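Right, one structure below, let's go through it.
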Amino acid sequence: MSKFRKDKVMPRYMFVAVLLALCGVAVIVKAAYTMTAEKQWWLTVQKNQVNTADSIKKPNRGNVLSCDGQLLAGSIPEYEIFLDFRAGYQNNVPEDTAWTHKRDTLWHEQLDSLCAGLHQIFPQKSAEEFRQHLMEGYNKKSRYWRVWRGKIDYATFSRVKELPFFNLPRHKGGFWGQEFPARRHPFGSLAERTIGSRDTARYGVELAYDSLLTGTYGIAHTQKVRNRRVSVVTRPPVDGADVVTTLDVGMQDLCEKALLDELKLRNALMGVAILMEVPTGDVKAIVNMEKSADGEYRERLNNALGYRCEPGSVFKTASILVALDDGVVDTSYVIHTGNGLMRMHGANMKDHNYSRGGYGSINVARSLEVSSNVGVSYVIDHFYGSNPTKYVEGLHRVGIGADLQIPLNEYRAPKIRYPDTKTTNRSLYWSKTTLPWMSIGYETQIAPINTLAFYNAIANDGKLMQPRFVKQIVKDGVVVEDLPPVVLKEQIARPEAVKTMQTILTHVVSQGLGKRAGSRSFPVAGKTGTAQVSDAEFNYHSGVRCHWLSFCGYFPADKPRYSCIVCVKTTNGPASGGLVSGTVFHNIAEGVMSKDVRMVASKARDEHSVFVPDVKNGDSEAASYVLKRLDIKDAPVGNVETTDGVMPNVTGMGARDAVFLLEKMGLKVRITGTGDVKGQSIPAGTSLKAGMTCRLELS
């Protein structure tokens with residue numbers, strides 16, 4: 001073992017200790033120097049090395065589709081283009097001075113070619129104008145110099161990026177574009193107020209389903225080091241889902257054209273049309289047209305959902321249904337309307353024909369057929385005058401006053417007030433005249449969609465459906481959510497009362513004031529409505545009569561498929577809901593049903609072939625004479641035998657011949673449908689009495 005040599009070890013130890021002490025002092029001095037003299041420099045470095053969490057590019061907004069998948073609203077990118085004349089600068093100091101000088105040289109060399117290219121893309125501005133505009137930004141060293149005012153599409157943006165100097169990377173050349181998602185409607189303004197706006201989600205389906213259409217924003221952590229950015233996506237964006245509506249493009253176009261033609265013909269102020277599928281409540285078409293200052297008709301507000309006004313005579317159906325459901329009257333109850341003028345609680349109730357003598361004594365069914373104000377108001381005032389609350393509760397019971405809970409923001413629920421004589425608000429005050437006038441469609445505020453939902457319930461055998469605008473949510477072609485039809489009320493009234501009302505509404509069109517809405521091809525049911533309305537522009541004391549003309553009904557009446565309401569606001573005559581709105585209803589119904597016409601091969605005939613015609617029953621001698629003259633043999637001819645005082649068998653006869661024969665025998669005849677007779681209410685062989693009524697059902 002060697003001996004410890006202190007004289008050699010200690011100097012070495014002292015050297016290491018002094019060296020470590022000097023290093024410690026150096027660290028302290030360097031830290032102090034960094035905290036004082038170099039403080040500003042390190043703060044600048046810190047600004048250039050920042051970890052941030054930013055939202056990355058927005059997700060693609062989902063599409064709005066029609067019921068058959070056609071695009072109603074979709075998103076495409078648009079751009080605003082800028083030039084940064086200080087690209088590559090940090091704290092107003094060029095990071096690469098050599099490149100800055102080279103870029104200035106390129107700018108002056110390629111400026112003429114650049115301006116010529118911009119002129120080709122944007123011919124509205126000359127190359128010289130572009131040169132002056134860009135040089136102004138260059139001299140100002142602007143960071144956000146707008147190259148072109150306005151937004152451009154992606155194709156144009158791609159062309160601009162290929163121009164000289166603009167094709168350099170952004171951090172070198174400075175050209176860049178700010179992307180904006182733009183909403184486009186391929187069918188123009190068709191149902192625009194219901195689909196939604198083109199800029200932001202402000203109304204319609206776009207607003208109601210905004211969260212689903214928008215999708216989810218992605219998150220990225222971006223680290224900036226000097227002139228480089230490193231982005232790490234931690235959560236990618238999720239594109240929005242597609243919304244499938246119940247709207248049908250063909251039906252929407254048909255309804256819009258039918259309504260516009262009548263609005264222009266009448267020079268009307270406003271028009272509304274809604275087409276609904278009876279079993280489901282699906283809104284197939286919804287049109288809202290208002291006359292603008294330039295005389296053109298445009299969709300400005302969704303009046304179909306939010307324009308609450310006094311509905312007029314279409315409301316009478318609800319009044320009579322309440323009375324039928326309560327059992328206070330039946331269709332045979334006779335009302336003595338006199339000459340069409342009746343004094344009610346100090347005010348005159350008038351029928352539209354009071355100046356021509358009125359309707360005299362009529363039953364409840366006929367009062368609706370001819371839309372008698374006196375008849376309907378007398379029934380309601382007589383049976384509910386002592387308890388008007390029961391009548392108002394009945395209105396809510398039958399669905400005319402129901403809140404339909406439609407998700408679109410422009411919907412307004414009905415305002416039907418209850419009796420309250422304590423209020424000081426004159427608009428809510430319940431007077432003795434309120435009940436009779438309410439019964440005929442005044443002193444209430446109801447939007448067209450509520451009236452239609454009520455009539456749709458009658459067509460649907462009493463089942464009240466919520467109007468449906470969206471039926472599916474689709475993501476990447478897969479249905480992620482079905483929105484089934486919603487039943488708000490299983491039965492609005494007793495089935496017997498609903499069936500009776502269906503019959504009455506059919507007679508309104510076949511033999512009442514709604515004939516203009518009818519069709520020769522299929523039965524139609526509905527009710528006319530005419531009301532003088534008061535609003536901010538036109539009131540009862542303005543000196544100008546403003547009328548709300550409507551027709552609401554459904555078709556075909558025997559097997560309802562669609563319900564429809566048409567409303568027209570006008571200050572021009574004639575003030576007739578049956579004439580104006582009924583005509584539009586007729587055109588819509590005919591157009592919709594014609595789409596379902598199918599060519600049946602079994603009914604096709606060769607134009608050169610000889611065929612045996614169908615011969616209706618009746619006068620066999622006359623039919624045989626015609627067939628003989630046409631040289632047609634083997635055609636079956638049916639003869640109708642008649643005996644005085646005995647009902648004949650008229651099935652198979654034409655309507656005209658059957659009516660002529662029966663009326664000749666002293667019977668009153670009522671017919672429903674078109675074509676040959678397929679049924680008769682009085683069986684063949686029945687003994688007849690004078691004044692009997694026979695109802696004939698045609699094929």
Side-chain angles (χ1 to χ4, degrees), residues 55-66 69-85 87 110-111 113-131 133-134 137 142-193 195-207 209-210 213-215 217-218 236-243 249 298-299 474 476-477:
S55 295
I56 63 174
K57 182 181 177 182
K58 294 180 180 180
N60 295 320
R61 189 172 178 84
N63 300 319
V64 179
L65 308 174
S66 67
Q70 297 189 66
L71 183 64
L72 298 178
S75 295
I76 60 172
E78 290 187 338
Y79 299 85
E80 289 184 351
I81 51 178
F82 300 89
L83 195 56
D84 179 5
F85 289 101
Q110 299 180 352
L111 182 59
S113 300
L114 172 62
C115 294
L118 288 172
H119 170 63
Q120 290 182 351
I121 298 174
F122 307 105
Q124 302 93 323
K125 205 171 185 177
S126 67
E128 182 59 30
E129 289 175 325
F130 272 115
R131 181 185 179 86
H133 175 67
L134 293 177
S142 173
R143 305 214 71 157
Y144 301 97
W145 192 254
R146 192 184 296 271
V147 177
W148 176 255
R149 291 196 175 276
K151 295 182 177 65
I152 59 176
D153 57 29
Y154 178 76
T156 305
F157 178 65
S158 299
R159 291 178 61 192
V160 174
K161 283 201 304 182
E162 295 173 355
L163 295 176
F165 195 81
F166 283 1
N167 55 9
L168 297 173
R170 175 179 174 178
H171 69 279
K172 290 188 174 183
F175 174 76
W176 62 286
Q178 185 174 358
E179 181 178 324
F180 295 90
R183 207 67 170 160
R184 287 291 176 265
H185 293 185
F187 293 99
S189 61
L190 207 70
E192 182 176 14
R193 198 71 201 184
I195 295 170
S197 57
R198 306 188 191 192
D199 45 8
T200 57
R202 293 186 288 119
Y203 50 79
V205 172
E206 293 273 16
L207 176 60
Y209 297 88
D210 183 48
L213 290 166
T214 299
Y217 286 84
V238 179
D239 292 341
D242 296 336
V243 173
V249 173
R298 298 182 177 88
E299 289 214 358
V474 177
D476 299 326

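Quick note: residue numbers are just sequence positions, from 1. This one's a predicted model, so the numbers in the text were calculated from it and none came from an experiment.
Looking at P59 and Y217, their side chains come closer than 4.5 Å, going by heavy atoms from C-beta outward. In this structure the side chain of Y79 never reaches within 4.5 angstrom of the side chain of T156, judged on heavy atoms.
Side chain of N60 to backbone of D239: no donor-acceptor contact under 3.5 angstrom is found. Under the 3.5 Å distance criterion, the side-chain polar atoms of H119 are left unmatched by any main-chain donor or acceptor of E129. Of the possible donor and acceptor atoms, none in the side chain of E78 sits under 3.5 Å from a partner among the backbone N and O of K151. When atom types are taken as modelled, the side chain of N63 and the backbone of D242 share no donor-acceptor pair closer than 3.5 angstrom.
Evaluation of the salt bridge (charged side-chain N to carboxylate O under 4.0 Å, His left out) rule for R298 yields D294 as partners, not counting sequence neighbours. By the salt bridge (charged side-chain N to carboxylate O under 4.0 Å, His left out) test, D153 is found to be paired with no residue, residues two or more places apart in sequence or in another chain being considered. The side-chain hydrogen bond (donor to acceptor under 3.5 Å, both in side chains) search around S66 returns D68, not counting sequence neighbours.
Side chains of R61 and T214: a donor-acceptor N/O pair is present below 3.5 angstrom, by distance only.
The minimum heavy-atom distance linking Y203 with E192 is given by the pair CE1-O, 3.9 Å. Heavy atoms only, all atoms of each residue included: L134 and C115 are closest at CD1-SG, 4.2 Å. Contact detail for A73 and E206: the closest heavy-atom pair is CB-OE2, 3.6 Å. Nearest heavy-atom pair, L207 versus R202, reported as atom, atom and distance to 0.1 Å: CD2-O, 3.3 Å.
Atom CD1 in I76 sits 5.0 Å away from atom CZ in R184 (nearest 0.5 Å).
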